[in-house]
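Being a predicted model, the structure only gives us computed values, none of them experimental. In each ligand, atom 1 is the first atom listed, and ligand 1 is the first ligand listed.
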Amino acid sequence: MAAAPPPSHAFGSSSGLPTTGGQRVPVLLPMPFAGPFDYKAPASMALQPGDIVTVPLGNRRETGVVWDASSTLPPDLARPPSGKTVADNRLRAVADRLELPPLNAELRRFVDWVAAYTLSPPGMVLAMTLRLHMKGAAPTPATGWVAQPVAPAELRITPARQKVLTLMQDDTPRTTTDIASAAGVSAGVVKGLADAGALRPVLLEPERPFAQPDPMHQPPVLEGAQQEAATALRQSVQNRCFSVTLLEGVTGSGKTEIYLEAIAACLEQGQQALILLPEIALSAQWMDRFARRFGVRPAVWHSEIGQKARRLTWLGAADGSARVVVGARSALFLPFCNPGLIIVDEEHESLFKQEEGVIYNARDMAVVRGRLAGFPVVVVSATPSLETLANAEAGRYQRLVLPTRHGGASLPQTHLLDMREAPPPRGLFLSPKLVEDIAETLAREEQAMLFLNRRGYAPLTLCRTCGHRMECPHCTAWLVEHRNRHVLTCHYCDHTEPMPPVCPSCKSEHSLTAIGPGIERITEEARQLFPDARILVMSSDTLGGPAATAEAVAKIARREVDLIIGTQIVAKGWHFPHLTLVGIVDADLGLGGADLRAGERTIQLLHQVAGRAGRASAPGRVILQSFSPEHPVMQALLSGNFDAFMEQEAEQRRPGFWPPYGRLAALIISADTPQAADEAAAQFGRMAPYGEGIQVLGPAPAPLAVLRGRHRRRLLLRTWRNIAVQPILHRWLGMVQLSRHVRVEVDIDPVSFL
Ligand code: ADP
Ligand code: ZN
Ligand code: ZN
């Protein structure tokens, strides 16, 4: 919790809609308080809910939003009201109203809803919608300067001033900042010239950063099932009311092509569309595709776009000039003024779940936003999550299916390699059969890919003499060797240390051994096997950022690469027309552990990787190396019968009320010492809620029992689907007194069980 004392404490206690000055207004601040604080509107300032204001807080000034006087939440989600009202005469006044578009009622309601659903302070959700530096965010009708035709006679000319005057000879209006940086002088020089009358102020055209996408720019020619799906999606957009549609189809069936038609429909009726992608930084091909269809690129939103782009996209969303925004999950909180559609592509991706701060799932909250504001949401996947399938089954979501690949391209043929029967030579990881197939593929001048979802050289370093394992000092985790950098690294906390020369435990020399493969080790093996092949490694370690990734993808498309070796980055929906063979180095990876969705997630990932092969005319093949080929996941990948696998999954989860047939919420308790963690966990265990349809599992040490030096314990609340977990959690959390050093995180609908 923030340390500053609240100026008043009156969550939800204000009355009436202030429309004239002088009244009491609740202001929500983007901070972890329980609710808005009351302030007084100055007599001269008429304030409306949604107005963005600055207010005093302690001895600081903070930006906040005038909030609604009473909650509009359903009773299940509403928080118990807290606190007392501060007397009128003790209220502090709102300092300023910023010249920014107000947050509309639907967005405010959405913020409240997400906060209540996730048990987060509403201010922390608000912070996600205000994520820009507010001061100076407004598009001031910028003043620029042009040079006076004749300089004042008494003007003193310095070398710096001369630079400016030379620059300004072209008569182009420029802002002070632009002049200063273009002429290489300080802003003071510009100001001096203006004061001396050598520069004349002019009003600049407002910035128009977003070109308008043209829905008629280049429409596709659609075939049978594609046409039907596109018509259905267009129809739901034209209905202008809430609905959810699952658009399902094998990789390469044209799902993207179809949902671009829904976006076209949305543009035609003058509304805004938002597309959420799991990893926007990896979306170069997607952007090009959009530009081909609509003539211009969309506005973009993610954590790396920089302050200026962030400001423009935020304002563009708010004033409607950004007609299409594509973004990572946080784009869901942009202040769209006229939203008509949200698309969630790769809806099954766990990256849509934010795991820290406000813990929420952007896919599910997109549906909430659509429902609150009354517009359609489309979720898209080749391998939909069981949650989404169950919603379709129950009739809550429409389901559109594209059964085949576009243009007659066939799905890749899948082969299982039983590693017990055809093992690779000792110390190596590619079986002879896979090596042979790669060689043949390369000989035909086609591309091959090896997939292993593990960065680094080896996941474990072991002493052959004493059995010592190199572990992270701060986490319950092995250190991963990164041989290129000669270090051992923890993939949970980034702790990094040099590879020790001798075993730290028994001091033996040359005794530390790499166990198991990471992608660097596979690359080493591949280089020895195929010395002439042009190899490209795709992982977050080798590709510094979006630009490098885009360049790598372009190289592959230009055929400048023979063999691609990658981690899950390669699974991201790329279109590699010359790729015909995909080898999955360790298909069993990801099936271990007690994760509820291990099977589902493995099949989704591997199907996605496999889908990179054979997307053009040449047929593709996929080879899975597995030590348990009889496993249902391997069998489903072999048969391609994803539906049957998901039905089995459903049958396994139904009886125990596991999601989606019941509800889950996790409590993660962490503390500096194991004793403190145990003690707090035990208290939660003693106070555990009970009743029909309510069960608490745990407390138990988390699989990551220590993370960044904090000791972690978990409890899991599982209920029937018709029971809301939020009121139960409120009561439960309220019953336990925690010491200052203990933290509790609530994770509603957990995806990660670490
Ligand atoms: P998905 O999103 O299902 O993987 P895409 O929409 O990416 O499928 O389509 C796969 C490939 O086929 C892309 O290159 C796409 O441009 C092309 N494609 C799909 N449908 C059509 C169509 N009707 N006309 C032309 N090209 C199409
Ligand atoms: Zn040793
Ligand atoms: Zn660590």
Side-chain angles (χ1 to χ4, degrees), residues 218-230 233 247-263 275 277 283 285-286 288-293 343 345-347 378-384 400-412 461-480 488-497 500-513 557 571-577 579 607-617 620 704-710 712 754:
Q218 207 185 96
V221 180
L222 300 176
E223 39 184 52
Q226 287 190 334
Q227 184 64 55
E228 271 170 47
L233 280 189
L247 177 60
E248 185 184 349
V250 294
T251 51
S253 57
K255 297 183 296 296
T256 311
E257 211 68 50
I258 302 307
Y259 76 63
L260 291 178
E261 290 320 288
I263 297 170
I275 302 95
L277 301 180
S283 60
Q285 279 191 333
W286 194 97
D288 293 344
R289 179 101 177 256
F290 184 93
R292 254 179 280 138
R293 173 66 184 81
I343 301 209
D345 199 357
E346 313 289 4
E347 66 86 27
V378 179
V379 300
V380 183
S381 177
T383 51
L400 301 172
V401 180
L402 302 174
T404 53
R405 280 194 157 178
H406 167 72
S410 49
L411 272 177
T461 302
L462 180 80
C463 171
R464 263 177 299 149
T465 309
C466 74
H468 177 78
R469 293 158 180 227
M470 297 300 294
E471 289 178 354
C472 177
H474 316 296
C475 305
T476 315
W478 295 337
L479 291 173
V480 178
L488 294 166
T489 291
C490 171
H491 283 185
Y492 294 99
C493 73
D494 290 333
H495 165 86
T496 298
E497 55 187 68
V502 298
C503 169
S505 173
C506 72
K507 311 297 175 206
S508 302
E509 285 179 37
H510 312 296
S511 173
L512 291 174
T513 313
K572 298 298 171 200
W574 311 112
H575 186 58
F576 297 142
L579 178 71
H607 181 88
Q608 194 69 27
V609 178
R612 296 316 100 213
R615 284 172 64 99
S617 50
L704 262 174
V706 187
L707 176 63
R708 296 192 185 91
R710 292 186 67 83
R712 303 165 78 244
L754 286 179

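The angle that Cys503 SG and Cys463 SG make at the Zn ion (ligand 2), rounded to 10°, works out to 110°. In this structure, SG of Cys475 and SG of Cys472 enclose an angle of 110° at the Zn ion (ligand 3), rounded to 10°.
The distance from the Zn ion (ligand 2) to the nearest N/O/S atom of His468 is not under 2.8 Å. At least one N, O or S atom of Cys493, from either the backbone or the side chain, sits less than 2.8 Å from the Zn ion (ligand 3). Residue contact annotation: His495 places no N/O/S atom under 2.8 Å from the Zn ion (ligand 3).
Between the Arg293 side chain and the Glu261 main chain, no donor and acceptor come within less than 3.5 Å of each other. For the pair Arg712 (side chain) and Leu704 (backbone), a donor-acceptor distance under 3.5 Å is present. Under the 3.5 Å distance criterion, the side-chain polar atoms of Lys255 are left unmatched by any main-chain donor or acceptor of Gly252. Using modelled atom types, one side-chain atom of Thr513 and one backbone atom of Ser511 make a donor-acceptor pair closer than 3.5 Å.
Under the 4.0 angstrom criterion for non-hydrogen atoms, Arg289 is in contact with ligand 1.
Considering backbone and side-chain N/O of Val221, one or more are found under 3.5 Å from N/O of ligand 1.
Of all protein heavy atoms, the one closest to atom 14 (O) of ligand 1 is His575 NE2, 3.7 Å. In this structure, the protein non-hydrogen atom closest to atom 26 (N) of ligand 1 is His406 NE2, 3.3 Å. With respect to atom 2 (O) of ligand 1, the closest heavy atom belonging to the protein is Thr256 OG1, 2.6 Å.
At a heavy-atom cutoff of 4.0 Å, ligand 1 is contacted by no atom of Glu223, backbone or side chain. Under 4.0 angstrom from ligand 1, there are no non-hydrogen atoms of Ile258. Proximity of Gln226 to ligand 1, defined as any heavy-atom pair under 4.0 Å, is confined to the side chain (atoms from C-beta onward).
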